[in-house]
There are 2 protein chains.
Amino acid sequence: MQKDQIAEVLTRFPSLAELTSEEWQEEGISITTVPANFTIDEGEFLENAPLILDGLVRIFKLSSDGREVTLYRLTAGECCPLIASSILGETVYEASACVEKPSLVLNVPTKIYKKWIEKHQDFRQYIFQSFARRLIIMSNLIDDINFKSIRVRISEYLIEHTSAENDTLAITHDLLAIELGTAREVISRTLKKMEKEGLLRVARGQITDIKRSRLPTDE
Amino acid sequence: MQKDQIAEVLTRFPSLAELTSEEWQEEGISITTVPANFTIDEGEFLENAPLILDGLVRIFKLSSDGREVTLYRLTAGECCPLIASSILGETVYEASACVEKPSLVLNVPTKIYKKWIEKHQDFRQYIFQSFARRLIIMSNLIDDINFKSIRVRISEYLIEHTSAENDTLAITHDLLAIELGTAREVISRTLKKMEKEGLLRVARGQITDIKRSRLPTDE
DNA sequence: AATAACTTGGTGACAAAGTCACAGATTACC
DNA sequence: GGTAATCTGTGACTTTGTCACCAAGTTATT
């Protein structure tokens, strides 16, 4: 690892600032670019812990009949707690990962990763906090699936992925269905109803004119 | 903390064996018995991290309209990773806990708990592994909710809570519904259908004659 | 430019699950 | 023994999910 590379990593992972230059020189640490659609399948054993420097990675579960639920996504400055836990708990990785946008990844061999966590408090705390966040996000997801109507779940997704300046979202019904763990037809029908009520407009591959303030956020 | 108390804790939490006798004498560490139905509500701030020595505690989420999903249960030798994460990540506790069977709990003030995790590798590893287990269990739960029929989910619950020797389970439809995050009527109807097929027999407050080997475990 | 292959979205019929409003049945308890 | 609380059953209805298929748009191929 070179000086400028290390500096770049530190902008994304300030919790690694404690590391000595000797530790950065250990065998096997590297930065790689991973192309879109690169996939790690459930059950694989991992030699490296990936820390995401840039890009977008989706972590999901596959069901026996080929459908998917998105568990969460990782972006710059994040690590996958399921990977961390599989490394620290020495179990196989029980989910799949798929690179959605070409990503820049810091690969840390599992042994070195463990050493870092044991030695460096800042990094350890960072890892713990990402566990915390994920557990909470996942329990909220369970909550949503159990108790919220699709209409509300679609609305919340739209609100989260648009802004006051941008009332358009480019996504197909199919993808949105996978996002929410439901079926495309359900999305199509619900969006159509919402269009009739003037909450948004549907076009091929995108949803426009999203009236964020009028979308329902509760039952 | 007295010698015999410490010894008892160690049988449940061998990962605490490294602690010195000075550490055991720190202010605030105590063992308490918690009666059934004692509850910690979502959002409360915790002063102590509880480690379960004996009993049964249910961790669940409440929805806005008063329904519940069980996230998981804790028994002897376990700790609540959501509590751990809220302490380590310094956030509020985003779930509720309810004591189901009178429980014996080791209370560790959060500051001391943090110190233990930083100082003692064995305990740290134990905590990490419990994070790992929970993340995996919760992602499997999401999987189940999304992809499995109620019939299968009921079957899996029955198989898990009976044995080759014991083909009876004492539980009401209402409780089973809360367990699985669904409605009582759905449970009643499904159980009745399964009874007609000779897979089990329903009685008030219990399910008997459970034919474990014939219950469906896939779609 | 013509064709084929693929993507995206629409529809109707149906099944599975959840909701609501009750009504009996059984048990607990004073 | 009577009253209240708990547990279960049922029918009507809504929402969500599934299946089969079609139509329009897009991209690739020649």
Side-chain angles (χ1 to χ4, degrees), chain A residues 36-37 63-70 141-158 168-197 200-208 216 218-219, chain B residues 36-37 63-70 141-157 168-197 200-209 216 218-219:
Chain A
N37 295 319
S63 77
S64 46
D65 53 328
R67 265 191 14 187
E68 302 176 0
V69 224
T70 297
L141 178 58
I142 292 174
D143 209 45
D144 286 357
I145 293 174
N146 261 289
F147 299 129
K148 289 187 180 164
S149 66
I150 306 197
R151 168 176 288 249
V152 168
R153 296 187 59 210
I154 290 177
S155 297
E156 287 179 349
Y157 186 93
L158 293 180
T168 294
L169 184 63
I171 192 170
T172 64
H173 298 183
D174 210 12
L175 275 178
L176 188 48
I178 290 173
E179 283 300 285
L180 302 180
T182 179
R184 182 195 48 84
E185 299 91 317
V186 176
I187 298 290
S188 294
R189 278 196 278 259
T190 309
L191 283 178
K192 180 141 282 194
K193 274 185 216 153
M194 293 172 82
E195 184 175 41
K196 273 183 190 152
E197 295 167 21
L200 45 76
R201 305 208 316 181
V202 292
R204 189 184 175 85
Q206 60 179 1
I207 305 167
T208 59
D218 60 345
E219 199 58 20
Chain B
N37 296 317
S63 77
S64 47
D65 54 329
R67 266 191 13 185
E68 302 177 1
V69 223
T70 298
L141 178 58
I142 292 174
D143 209 45
D144 286 359
I145 293 173
N146 262 286
F147 299 131
K148 289 190 180 161
S149 66
I150 307 196
R151 170 176 287 250
V152 168
R153 295 187 59 210
I154 291 177
S155 296
E156 288 180 349
Y157 186 92
T168 295
L169 186 62
I171 192 170
T172 64
H173 298 183
D174 210 11
L175 276 178
L176 188 48
I178 290 173
E179 284 300 285
L180 301 180
T182 178
R184 184 198 47 86
E185 299 91 315
V186 177
I187 298 290
S188 294
R189 278 196 274 262
T190 308
L191 283 179
K192 179 138 283 194
K193 273 185 216 155
M194 293 172 81
E195 183 175 41
K196 274 182 191 154
E197 295 168 21
L200 45 77
R201 305 209 316 183
V202 293
R204 189 186 175 86
Q206 60 179 0
I207 305 167
T208 60
D209 248 348
D218 59 346
E219 199 59 18

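Below, read A as the first sequence line, B as the second, and so on, with proteins coming before strands; counting in each chain starts at 1.
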Taken in chain and number order and not counting sequence neighbours, the residues that satisfy side chain to side chain donor-acceptor pair (under 3.5 Å) with A/Asp144 are A/Lys148
Taken in chain and number order and not counting sequence neighbours, the residues that satisfy side chain to side chain donor-acceptor pair (under 3.5 Å) with A/Arg151 are A/Glu197
For B/Arg201, the salt bridge (Lys or Arg N to Asp or Glu O under 4.0 Å) test, sequence neighbours excluded, returns B/Asp209
Rounded to whole Å, CG of A/Asn146 lies from P of D/dT15 at a distance of 18 Å
Checklist entry - Are B/Ile145 and B/Arg153 close enough that some pair of their side-chain heavy atoms sits under 4.5 Å apart? => result yes
So do the side chains of A/Leu200 and A/Leu191 get within less than 4.5 Å of each other, counting heavy atoms only? yes
When rounded to whole Å, the CD1 to P distance for the pair A/Ile187 and D/dT15 reads 16 Å
Taken to the nearest whole Å, NZ/B/Lys148 to P/D/dG17 is 18 Å
Whole-Å distance, B/Ile145 CD1 to C/dG18 C1', equals 14 Å
Sorted by chain and number, sequence neighbours left out, side chain to side chain donor-acceptor pair (under 3.5 Å) with A/Ser188 holds for A/His173
Rounded to whole Å, CD1 of A/Ile154 lies from P of D/dT15 at a distance of 14 Å
Contacts of A/Val202 and B/Lys193 projected onto DNA chain C by closest heavy atom; the upstream (5') one is A/Val202
- [ ] Report yes if at least one side-chain N or O of B/Thr182 is closer than 4.0 Å to OP1 or OP2 of C/dA17; otherwise report no.
- [x] no
Rounded to whole Å, the CZ-C1' distance (A/Arg153 to D/dG17) equals 13 Å
Of the candidates D/dC19, D/dG17, C/dA21, the side chain of A/Glu185 sits closest to D/dC19
Here the pair of heavy atoms bringing B/Gln206 nearest to B/Ala170 is CB-CA, 3.9 Å
A/Ile178 CD1 to D/dG17 C1', in whole Å, measures 15 Å
Here the distance between atom P of C/dA17 and atom CG of B/Leu176, to the nearest Å, is 14 Å
Sorted by chain and number, sequence neighbours left out, side chain to side chain contact (heavy atoms under 4.5 Å, CB included) with B/Leu175 holds for B/Ile171, B/Thr172
Produce the list of close N/O pairs, under 3.5 Å, pairing protein atoms with atoms of nucleotides 7-9 of chain C; give distances to one decimal.
unit_1 : atom_1 : unit_2   : atom_2 : d
C/dT7  : O2     : A/Arg204 : NH2    : 2.9
C/dT8  : O4'    : A/Arg204 : NH2    : 3.3
C/dG9  : OP1    : A/Gly205 : N      : 2.7
C/dG9  : OP2    : A/His173 : N      : 2.7

Rounded to 10°, the helix from C/dA1-D/dT30 to C/dC30-D/dG1 deviates from straight, judged by its five-pair end axes, by 30°
Those residues at least two apart in sequence (or on a different chain) that pass side chain to side chain contact (heavy atoms under 4.5 Å, CB included) with B/Val186 are B/Ile150, B/Thr182, B/Ala183, B/Thr190
Review point. Does any donor-acceptor pair link the side chain of A/Arg189 with the base of D/dT14 at a separation under 3.5 Å?
Key: no
